[in-house]
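Below, chain A is the first sequence line, B the second, and so on; all start at residue 1. Small disclaimer: the values here were computed from a predicted structure and weren't measured.
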Amino acid sequence: MALRVYNTLTGEKELFVPLVSGTVGMYVCGVTVYDYCHIGHARAGVVFDIIFRYLKYAGYDVTYVRNYTDIDDKIINRANQEGSDYRTIADRYIAAFDEDMARLGLQKPTVEPKATDHMGGIIAIIEALIARGHAYVSDGDVYYAVESFPDYLKLSGRTLEDMLAGARVELGDKKRHPMDFALWKGSKPGEPWWHSPWGNGRPGWHIECSAMSMEFLGKTFDIHGGGKDLVFPHHENEIAQSEGANGCQFVRYWLHNGFVNINSEKMSKSLGNFFTIREVLKKYDPETLRFFILSAHYRSPLDFSDQNLDEAQSGLERLYTCLAALDRLPVPDAGLDDTPLTAVGEELREKVEQFRARFVEAMDDDFNAAQALGILFEMVRGTNRFLAESPVPSGGSLQLLAHVRALLTEAGVVLGLFTVSPEQWLTGIKAAGIGRLALTVEQIEQLIVARTEARRAKDFKRGDEIRDELLAAGVQLLDSAQGTTWNIK
RNA sequence: GGCGCGUUAUCCAAGAGGCUAGGAGCCGGUCUGCAAAACCGUUAACGUCGGUUCGAAUCCGACACGCGCCUCCA
């Protein structure tokens, strides 16, 4: 029973052993704040949120750093387009990011630093790199000399020759080698700038993450995460900067989440096939989106479609329906009860006893949330079966069911699910559908009354007509002994 | 072109040498005036061709197809 994680650096699942026993330092690349976040950002956010949650559940004292890159060419371009300044753009999209992530139920990282608050650290690293012969000044810019760092590209397992064979590298006359990258860029007129030993300018992309991770986690730390698309060049360059400047290992375990696909193709800005988080949340509940993300292993591609989101909602509804049934049960007596459980009850008791170990086993295996969900569903099935057999449980049966509820809640905390009460979630799903109906709630309820009267008069033909009419309008009737309620189809 | 990943039933998706994953759906049942919902039960799979092995979805090789990175990306 020990946590194993897939390390991009070695290409293998490894036993996770932190630098300092009992603590974990984790840095995850946040976003460059120049636009609203899309579903790919949602995935990265949720994936590292559950990694954060699970590490804490496993007993670690976790320092989780997730940055905002709030100075970059894209932000400047956006500001120029809008005729505003980089700060206005950055602040607007930081606020939007915070709002989106909060809606998805992400826990706040320990620290959320901004690049522009770390200019001192950035400049210090560049100075160290120049002093160690890893960087050079060229006409107001500073570049990293990739040939000075023998380990360059160790994360993606390639060589400079491999990369150049792609033949899409631009030759810049300021660079000594085409793969050299900017650490500091001299500012052009009208651009934001900071003082530096090389003149006024701004940091290149990559260096801010080296500076902020070192500031909060030290020269060497345990986990660095981000999307797969950051492996090259971003993380590769971070390694070159941090290890070049500090002369020691930068990160022990590199974790990368897979892409969100649309029709099996990567969702990305350049392809234009992306959905923003706020668009999707107009149609789907945030926990449904989270559940969908958790339903595949974090390194696998995840195909985004309405059908898949609908299926995720059905699955989550099954879990919530069971929780709602559990919540309707009376509180069990404290006293012991010797009434033996039925065979079905014994089966459930066994599931309850094994639950925590199986859940931990799944999560210990490189955070396999999809497998963990399977274990939840198995317990739900056992519970439903037991409740079907003993609809009015008492004594020891109630205690067993209370135990089920506690375990589901416990797993829910790790997965970030079941954050609202089951009744509330189930009615929320219903309420979300009402806006899309042609009928008002009053009309629906009038029709239901008319149908009830028809049925009482044994006019089933008329009753069924009303039922079909409502169904065609998207309203599904639920008859029960207590009367008729309804749902959105 | 270089490097890497994937292909599991109708669909989504775990698993990684012998041990029921799971969800959605289909079908059957309970319930119902009949239905629906809910619940229960049930079904079925490992891209192709070879190899290793007592035994292969799982390991090895080839092939096919799909995807990713090599340019800004979570």
When you check the gap from the basic side-chain N to the acidic O, do [X] and [Y] get nearer than 4.0 Å?
{"X": "A:Arg176", "Y": "A:Glu147", "answer": "no"}
{"X": "A:Arg202", "Y": "A:Asp73", "answer": "yes"}
{"X": "A:Glu353", "Y": "A:Arg349", "answer": "yes"}
{"X": "A:Arg385", "Y": "A:Glu347", "answer": "yes"}

Base, sugar-phosphate, or nothing: which does [X] touch, judged by heavy atoms less than 4.0 Å apart?
{"X": "A:Leu230", "value": "sugar-phosphate"}
{"X": "A:Ala388", "value": "sugar-phosphate"}
{"X": "A:Gly227", "value": "sugar-phosphate"}
{"X": "A:Lys458", "value": "nothing"}
{"X": "A:Gly258", "value": "base"}
{"X": "A:Arg158", "value": "base"}
{"X": "A:Val28", "value": "nothing"}
{"X": "A:Ser268", "value": "base"}
{"X": "A:Arg318", "value": "sugar-phosphate"}
{"X": "A:His256", "value": "nothing"}
{"X": "A:Phe259", "value": "base"}
{"X": "A:Lys269", "value": "nothing"}
{"X": "A:Gln307", "value": "sugar-phosphate"}
{"X": "A:Asn261", "value": "nothing"}

Polar pair under 3.5 Å, donor/acceptor by atom type, side chain [X], base [N]:
{"X": "A:Glu378", "N": "B:G22", "answer": "no"}
{"X": "A:Asp464", "N": "B:G33", "answer": "yes"}
{"X": "A:Lys74", "N": "B:C72", "answer": "yes"}

Tell me yes or no: between the side chains of A:Ser305 and A:Asp303, is some donor less than 3.5 Å from an acceptor?
no
Between A:Asp162 and A:Thr159, a side-chain donor and acceptor under 3.5 Å
yes
Using the [atom1] atom as the point on both nucleotides, what is the distance between [M] and [N], in whole Å?
{"N": "B:G47", "M": "B:C40", "atom1": "P", "result": "31 Å"}
{"N": "B:U48", "M": "B:U58", "atom1": "P", "result": "10 Å"}
{"N": "B:A13", "M": "B:U52", "atom1": "C1'", "result": "30 Å"}
{"N": "B:C26", "M": "B:A64", "atom1": "P", "result": "39 Å"}
{"N": "B:A62", "M": "B:C5", "atom1": "P", "result": "13 Å"}
{"N": "B:G17", "M": "B:C60", "atom1": "C1'", "result": "13 Å"}
{"N": "B:A56", "M": "B:U42", "atom1": "P", "result": "28 Å"}

If you check every side-chain atom of [X], which of [options] has the closest atom?
{"X": "A:Ala370", "options": "B:A14, B:C69, B:A74", "answer": "B:A14"}
{"X": "A:Ser314", "options": "B:A21, B:A74, B:A24", "answer": "B:A24"}
{"X": "A:Phe377", "options": "B:G23, B:G33, B:A14", "answer": "B:G23"}

Below 30° counts as parallel, above 60° as perpendicular, anything between as tilted: where do the rings of A:His206 and A:Phe181 land?
perpendicular
Counting C-beta onward and ignoring hydrogens, is there a side-chain heavy-atom pair between [X] and [Y] closer than 4.5 Å?
{"X": "A:Val441", "Y": "A:Trp486", "answer": "yes"}
{"X": "A:Asp100", "Y": "A:His38", "answer": "no"}
{"X": "A:Glu238", "Y": "A:Cys29", "answer": "yes"}

Taking a pair as Watson-Crick or G-U wobble with both distances under 3.5 Å, which nucleotide is matched to [N]?
{"N": "B:G6", "answer": "B:C65"}
{"N": "B:C19", "answer": "none"}
{"N": "B:G1", "answer": "B:C70"}
{"N": "B:A45", "answer": "none"}

Each nucleotide in nucleotides 41-47 of chain B should get exactly one letter: B, S or -. Can you fill that in based on protein heavy atoms under 4.0 Å?
S------
A:Asn7 CG to A:His256 NE2 distance, which is reported to the nearest 0.5 Å
9.5 Å
Where does B:A57 land, syn or anti, once you apply the within-90°-of-0 test for syn?
syn
It should be established whether [X] places a side-chain nitrogen or oxygen under 4.0 Å from OP1 or OP2 of nucleotide [N].
{"X": "A:Asn308", "N": "B:A24", "result": "no"}
{"X": "A:Ser300", "N": "B:A14", "result": "yes"}
{"X": "A:Asn384", "N": "B:C40", "result": "yes"}
{"X": "A:Arg358", "N": "B:A14", "result": "no"}
{"X": "A:Lys228", "N": "B:C67", "result": "no"}

A:Glu236 CD to B:C69 P: how many Å, rounded?
15 Å
Between P on B:C72 and CZ on A:Phe181, what's the gap in Å once rounded to a whole number?
12 Å
Both A:Pro233 and A:Leu271 contact RNA chain B. Taking the nearest nucleotide for each, which residue is further toward the 5' end?
A:Leu271
Both A:Thr321 and A:Phe292 contact RNA chain B. Which one's nearest nucleotide lies toward the 5' end?
A:Phe292
Stacked pair A:Phe460-B:G33, distance under 5.5 Å, angle under 30°
yes
